[in-house]
Student: 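Structure provided below as structure tokens; questions to follow.
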Amino acid sequence: MAENICPQCGNQVPEGSKFCNHCGYLLTSEIHCPKCNSIIPADSAFCPNCRTRIEQASSAPAASAPRSSEKNSKGVLRYFVIAAIVAFVGLFVVRQLFYSGNHKEVDATDVEVTDVDAGRYNDIFNNALIKNNLKNDGDKIAFTCPIKNDSSGAVDRLVGVTYLSDPSHSFYKIFTLTLNGQNWDIKMNNQRYVDGYNLLFEPKSLRSEEIPTVVDIQGKKYMFFAYAAVPSSEESGKISAVYYDIDAEKEIRQVDFYGTLMRDMDGQQILKCNRVPTATGVLDGELIKRARSIGMLHIPTEEELAREKAEEERLKEEQAKLEAENAAQEAENAEKFQNGEEVKVDAQQVDKNTPLFRAEDFSKKINGGGYTVFLLKNGRVYAFSKASNSTFEVHFGGGSASDIGFEDSGKGIVNIRTGSGKVQYNLGSKTMKKVE
């Protein structure tokens, strides 16, 4: 039969037991109300459904008290001895990592990963928030990571993260929960505001494989997690990867990946990041390595970057070639125009829903055939086509126009008087020629 270890006395108990059969310690975090049979937190003083007072079971019978006290005394002594050793080793490691500049790669023997049992520990975290009136900012739980005791191997601490996604007031909080007998003591350690962004924290949203997680690196415990910060425009954003010192209860560093938001072939949103932040030590390197597992973060390879650069250079060459051809064509048209030849002009089409000018802005309006032509006070000329229900700007050579009139209203040929002479413009063919 599978057995578990009692966190109170250290003896083995059958799996599924609610109480330790050696010391009577309550092993489950939930109990049934004796009146209405509702499932409630084990440390409840009253049932939240029927208000029945809950009599708490004794954590240990009188007969077993000496044995429990003796084991606890030994456990405390053992804890202080181990804590002293861990503190000494931790100080040495910190000195090596952050003061001596030793940024050696961490090998597999230096890293131990604690798996996240999201469902069970999220429930404990949520109950603790409610019990201590800490869930009143509208934030919701992102995840909870369990921390195992170095001596017993049992989970006696939790690190939980809550967040609020609101473009005008986004934030996240980091809490530590410590097992105290049958209860979980809770403490808020950090709160960071990320205003101007919508936040994505859930591993499912980030499509993350290795974050969040608790990692033991050379004797110190860190929690690695990440979140996406998406502006309301959803055009660009960032993914921030964070490592948090569990023992010191403080956030150590955040690394940001900036990029462009887009959709992949499956229609899922991704952040295309063209630059990887620079690692400054072992922890940074570990953080960036784990950030690469986020499915929402696409970091192009060297080959992809080379292809993109080659494509950009090709487009620049094509643009330069097109501009040179247009310049040559304009020069040729200018020469033909000065010689009195008819030349083709690209009319600038205007969105018919865009207001171009008001009635008081034009000085003259003429109607003829299928067109209405306007001369504005600033010297620009616009024509409205009744057939296509569209407006375009009439381009002509030589300064601003001072007068307009139809040469042939049926064919849509209008005379435009400018400071350098008269131009005839064919509204139908979009061609013009200099006549004076």
Side-chain angles (χ1 to χ4, degrees), residues 93 97 103-122 125 141-148 153 155 157-163 172 174-176 190 192 194 199-230 237-248 250-259 261 264 266 268-302 304:
V93 171
L97 288 177
H103 297 159
K104 75 179 186 66
E105 289 294 327
V106 179
D107 57 37
T109 60
D110 295 326
V111 179
E112 178 187 347
V113 179
T114 301
D115 295 330
V116 178
D117 183 357
R120 174 189 172 193
Y121 296 115
N122 277 3
F125 183 27
I141 293 176
F143 47 77
T144 314
C145 293
I147 317 297
K148 293 182 179 179
V155 173
R157 281 187 296 168
L158 304 175
V159 178
V161 176
T162 66
Y163 74 103
Y172 68 86
I174 302 177
F175 296 84
T176 298
N190 295 73
R192 172 173 290 208
V194 194
L199 299 184
L200 294 175
F201 257 96
E202 298 94 335
K204 183 178 180 181
S205 299
L206 297 174
R207 304 195 297 280
S208 174
E209 297 176 0
E210 298 185 14
I211 291 178
T213 191
V214 172
V215 182
D216 190 307
I217 297 180
Q218 297 177 337
K220 292 200 67 176
K221 289 183 174 63
Y222 301 90
M223 178 175 68
F224 290 78
F225 66 92
Y227 64 91
V230 182
K238 66 178 180 177
I239 287 181
S240 299
V242 184
Y243 59 82
Y244 171 82
D245 189 323
I246 293 173
D247 297 319
K250 65 178 181 179
E251 184 178 306
I252 297 297
R253 183 157 155 74
Q254 174 173 304
V255 175
D256 297 320
F257 298 79
Y258 290 91
L261 288 165
D264 60 16
D266 297 327
Q268 293 182 315
Q269 192 176 53
I270 63 171
L271 180 80
K272 187 175 181 182
C273 173
N274 292 322
R275 184 178 62 84
V276 180
T278 303
T280 59
V282 173
L283 293 174
D284 272 14
E286 185 73 14
L287 182 65
I288 292 173
K289 182 186 75 175
R290 294 183 180 278
R292 289 180 179 273
S293 74
I294 298 176
M296 189 181 175
L297 177 64
H298 175 68
I299 303 174
T301 63
E302 293 296 330
E304 287 178 301

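Position 1 is the first residue of the sequence; numbering continues from there.
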Student: Does a side-chain heavy-atom distance below 4.5 Å link Ile147 with Ile246?
Tutor: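 Contact flag for Ile147/Ile246 side chains = yes.
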Student: First locate atom CG of Leu200, then atom OG of Ser208, and finally report the distance between them rounded to the nearest 0.5 Å.
Tutor: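 Reported value, rounded in 0.5 Å steps: 12.5 Å.
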Student: How many angstroms lie between atom OH of Tyr243 and atom CD1 of Ile288, to the nearest 0.5 angstrom?
Tutor: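 Tyr243 atom OH to Ile288 atom CD1 measures 9.5 Å (nearest 0.5 Å).
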Student: Side chains of Gln254 and Tyr227: does their closest heavy-atom pair fall under 4.5 Å?
Tutor: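 A side-chain contact under 4.5 Å exists here.
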Student: Rounded at 0.5 Å granularity, tell me how far OG in Ser205 sits from CG in Leu199.
Tutor: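 Reported value, rounded in 0.5 Å steps: 11.5 Å.
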Student: Is there side-chain contact between Val215 and Glu210, with heavy atoms separated by less than 4.5 Å?
Tutor: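 The answer is no, as the side chains (C-beta and beyond) never meet within the 4.5 Å cut-off.
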Student: State, with a plain yes or no, whether a side-chain heavy atom of Phe225 is found less than 4.5 Å away from one of Ile174.
Tutor: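 Yes; the side chains approach each other to less than 4.5 Å.
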Student: Any side-chain heavy-atom pair from Ile270 and Arg207 closer than 4.5 angstrom?
Tutor: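 Yes, close enough: below the 4.5 Å cut-off.
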Student: Give the minimum heavy-atom separation between Asp256 and Pro277, together with the two atoms involved.
Tutor: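 Closest pair (atom of Asp256, atom of Pro277, distance): O-CG, 3.2 Å.
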Student: Closest approach of Ala241 and Ala291, non-hydrogen atoms and distance?
Tutor: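 Heavy atoms of Ala241 and Ala291 come nearest at CB-CB, 4.1 Å.
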Student: Looking only at heavy atoms, what is the nearest atom pair of Leu206 and Ala226, with distance?
Tutor: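 Taking Leu206 first and Ala226 second, the nearest heavy atoms are CD1-O, 3.4 Å.
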Student: Taking all non-hydrogen atoms of both residues, which atom of Val230 and which atom of Met296 are closest, and how far apart?
Tutor: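 So the two residues come closest at CG2-CE, 4.4 Å.
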Student: Tell me, do Phe257 and Ile294 make a side-chain contact under 4.5 Å, heavy atoms counted?
Tutor: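 Result no, sub-4.5 Å side-chain heavy-atom pair not found.
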Student: Could you tell me if the ring centre of Tyr172 sits under 6.0 Å from that of Phe201?
Tutor: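 Judged by ring-centre distance (under 6.0 Å), Tyr172 and Phe201 do meet the cut-off.
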Student: Do NZ/NE/NH1/NH2 and the carboxylate oxygens of Asp216 and Lys148 come within less than 4.0 Å?
Tutor: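 Between Lys148 and Asp216 there is no salt bridge, as every charged N stays at least 4.0 Å from the carboxylate O atoms.
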Student: Taking side chain as C-beta onward, heavy atoms only, is Tyr163 less than 4.5 Å from Glu202?
Tutor: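 Tyr163 vs Glu202: side chains touch.
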Student: Does Lys220 come within less than 4.0 Å of Asp245, counting only side-chain N to carboxylate O?
Tutor: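 Here Lys220 pairs with Asp245 in a salt bridge, since their nearest N and O are under 4.0 Å apart.
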Student: Just do the ring-ring contact (aromatic ring centres under 6.0 Å, His included) check on Phe125 and Phe175 with the steps written out, would you?
Tutor: CA-CA 9 Å; Phe125 183 27; Phe175 296 84; 5.6 Å; yes
Student: Nearest 0.5 Å, what's the CG-CD1 distance between Leu271 and Ile239?
Tutor: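 Taking CG in Leu271 and CD1 in Ile239, the distance rounds to 5.0 Å.
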Student: Of all the heavy-atom pairs spanning Tyr244 and Val159, show the shortest one and how long it is.
Tutor: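 So the two residues come closest at CE2-CG1, 4.1 Å.
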Student: Please tell me if the side chains of Tyr121 and Val155 come closer than 4.5 Å, counting only heavy atoms from C-beta onward.
Tutor: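 Tyr121 vs Val155: side chains touch.
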Student: Test of understanding: with salt bridge (Lys or Arg N to Asp or Glu O under 4.0 Å), list the residues that count as partners of Arg253, not counting sequence neighbours.
Tutor: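 By the salt bridge (Lys or Arg N to Asp or Glu O under 4.0 Å) rule, Arg253 matches Asp284.
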Student: Measure the spacing between CD1 of Ile211 and NZ of Lys289 and express it to the nearest 0.5 Å.
Tutor: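 Output value for this atom pair is 10.5 Å.
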Student: Would Met223 and Val161 count as a side chain to side chain contact (heavy atoms under 4.5 Å, CB included) here? Give the steps.
Tutor: CA-CA 11 Å; Met223 178 175 68; Val161 176; 3.9 Å; yes
Student: Write down the atom of Pro146, the atom of Leu158, and the distance for their closest heavy-atom approach.
Tutor: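 Looking at all heavy atoms of both residues, the closest pair is CA-CD2, 3.7 Å.
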